[in-house]
There are 2 protein chains.
Amino acid sequence: MHTDSVHGHTDPATALARAEALCRERGARFTPLRRRVFELVVEAGQPLTAYELLARFAEDGGNPAPPTVYRALEFLQAHGLVHRLASQNRWVVCDHPSDPHGGLFLVCRTCGRAVEWADEGVAQALHTSARAAGFQLPVEVLPEVEGLCGDCVDAH
Amino acid sequence: MHTDSVHGHTDPATALARAEALCRERGARFTPLRRRVFELVVEAGQPLTAYELLARFAEDGGNPAPPTVYRALEFLQAHGLVHRLASQNRWVVCDHPSDPHGGLFLVCRTCGRAVEWADEGVAQALHTSARAAGFQLPVEVLPEVEGLCGDCVDAH
DNA sequence: CGTTAAGTGTTATGTTATAGCGGTATTATA
DNA sequence: TATAATACCGCTATAACATAACACTTAACG
C-alpha cells in the first residue's frame with residue numbers, strides 16, 4: 001500500500017526531460033547553467049551541499065563562484081525541481097515536481113541518503129497538531145527526520 | 001485535550017533550579033559557564049544563534065570565543081536542557097528535560113518564536129511512515145516545521 | 001532594433017561551526 | 001593528601017555555508 005509512495009529512482013535523462021518540459025510549460029528558462037546544476041544533483045543520487053556542486057563544476061573545468069550555484073539552486077527550488085534539506089545544508093532532486101508534497105524526508109544518519117516519502121498521514125498529523133497549537137502551516141510541509149535506512153540497519 | 005501539551009513557559013529561576021538538579025542527579029557538572037549559557041537561552045524566550053549568545057556575553061563584558069559557547073550548548077543538548085533547531089541554526093530551551101519528546105517544533109516564519117508541542121499522533125505517524133520506507137528512527141524525533149503562529153496570523 | 005528585464009560573472013564579505021593545542025580546575029585513586 | 005587522570009575552558013586559526021552589490025551580457029518583446 002505504501003509501495004509506490006516512494007520517489008527518487010527516476011533516471012537522469014527522464015528527469016532532465018521532465019524538468020525541461022516543466023520549464024517550457026511555465027515560460028521559465030532552463031538555461032545551460034541551471035540544466036547543468038540540475039543534472040549534477042540528479043546524477044549525485046543523494047543530497048549535495050552547494051560547495052560540493054561547485055567542486056563538480058571545477059572537475060568539469062568550470063569555475064563558477066558560490067552565488068552562481070546558489071542562484072541556480074534557488075531557481076530549481078522555486079520550480080519544485082529540487083528541495084533544500086535545511087537541516088543538512090544540502091540539496092536534493094525532486095522526482096515528482098508536479099505532484100503534491102505531503103510527506104517527509106527520511107535522511108540516513110550513516111550513509112546520508114535521503115528518501116522523499118509521500119504520506120498523507122504524516123501531513124495530516126502535522127496539520128492537526130499545528131492547528132491545536134494555534135499555528136497555520138503552509139499546505140505543503142515536508143519535515144526532515146534522521147534515522148537509519150534499511151541498508152545501514154542491515155549492515156549493523 | 002491538547003491544552004497542557006505545550007511547553008515553553010517555565011520561569012527562568014525554576015528552569016535553572018531544575019537544570020541544576022538534573023545535572024547533580026546525573027553527576028554532570030553544571031559549571032558557571034554552562035549555567036550562564038543556559039540562563040541566556042532561557043531568558044531569550046526564543047531560539048538564538050550561537051553568535052547571538054556570544055554577543056550577549058560581550059554585553060556582560062565577557063569575551064568567549066565560539067568554541068566555548070558551542071561546547072556549552074552541546075553539553076546542554078546532551079542533557080536535554082536545550083534543543084538545536086537544525087533548520088534554523090538556532091538553539092532553544094527545553095522546558096521538560098525529563099519528559100519524553102514525542103512531538104514537533106513549530107517555528108513562526110514571521111516572529112521567529114518556536115513552540116515545542118507534544119503530540120503522540122505526530123510521532124506515531126512519523127514512525128509508521130518511516131517503517132514503511134524501511135527506515136529506523138530514534139525513539140524521540142522532533143521534526144521542525146515552519147508556519148505562522150496565532151499572533152502573526154491575527155496581525156495579518 | 002532599441003528598450004527592458006533576466007541571467008550570469010565577480011569581488012567581497014557575512015554567518016555558522018569546528019579542529020587542535022595548551023593550561024587550569026576538578027575528580028578519582030592510592 | 002599527593003598525585004594521576006580526566007574534564008573543562010581559553011584561544012588561534014580555519015573550515016564550511018551563504019549572500020550583498022555591482023558590472024556586464026544575453027534574451028524577450030514591443
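Throughout, a chain's letter reflects where its sequence line sits, starting with A, and its residues are numbered from 1.
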Between which nucleotides of DNA chain C, 5' to 3', does chain B make heavy-atom contacts below 4.0 Å?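 That gives a stretch of C:dT16 to C:dT26.
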Side chain to side chain contact (heavy atoms under 4.5 Å, CB included) partners for A:Glu120, two or more places apart: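 Counting only residues at least two positions away or on another chain, A:Glu120 forms a side chain to side chain contact (heavy atoms under 4.5 Å, CB included) with A:Ala123.
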Quick tally for nucleotides 4-17 of chain D: nucleotides whose base has a protein heavy atom under 4.0 Å get B, sugar-phosphate-only ones S, the rest -, giving ---SSBBBB----B
Salt bridge flag under 4.0 Å for residues B:Glu74 and B:Arg71: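 No salt bridge links B:Glu74 with B:Arg71.
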What I want to find out is whether A:Arg113 reaches A:Asp151 closely enough, with some N-O distance under 4.0 Å, to be called a salt bridge.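 The answer is no: the pair does not qualify as a salt bridge.
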Which value, rounded to the nearest 0.5 Å, describes the distance between A:Gln136 atom CD and B:Leu148 atom CG?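 One finds 6.0 Å between CD of A:Gln136 and CG of B:Leu148.
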Sequence neighbours left out, what pairs pass ring pair (Phe, Tyr, Trp, His ring centres under 6.0 Å) with at least one residue falling in residues 59-89 of chain B?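 Counting only pairs at least two positions apart or across chains, the ring pair (Phe, Tyr, Trp, His ring centres under 6.0 Å) contacts touching residues 59-89 of chain B are B:Phe75-B:His79, B:His83-B:His101, B:His83-B:Phe105.
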With B:Arg131, which residues qualify under side-chain hydrogen bond (donor to acceptor under 3.5 Å, both in side chains), at least two apart?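 Applying side-chain hydrogen bond (donor to acceptor under 3.5 Å, both in side chains) to B:Arg131 gives none.
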Review item, side-chain donor-acceptor pairs of residues 41-51 of chain B, under 3.5 Å, at least two apart:
{"residue": "B:Thr49", "atom": "OG1", "partner": "B:Tyr51", "partner atom": "N", "Å": "3.4"}
{"residue": "B:Thr49", "atom": "OG1", "partner": "B:Glu52", "partner atom": "N", "Å": "3.0"}

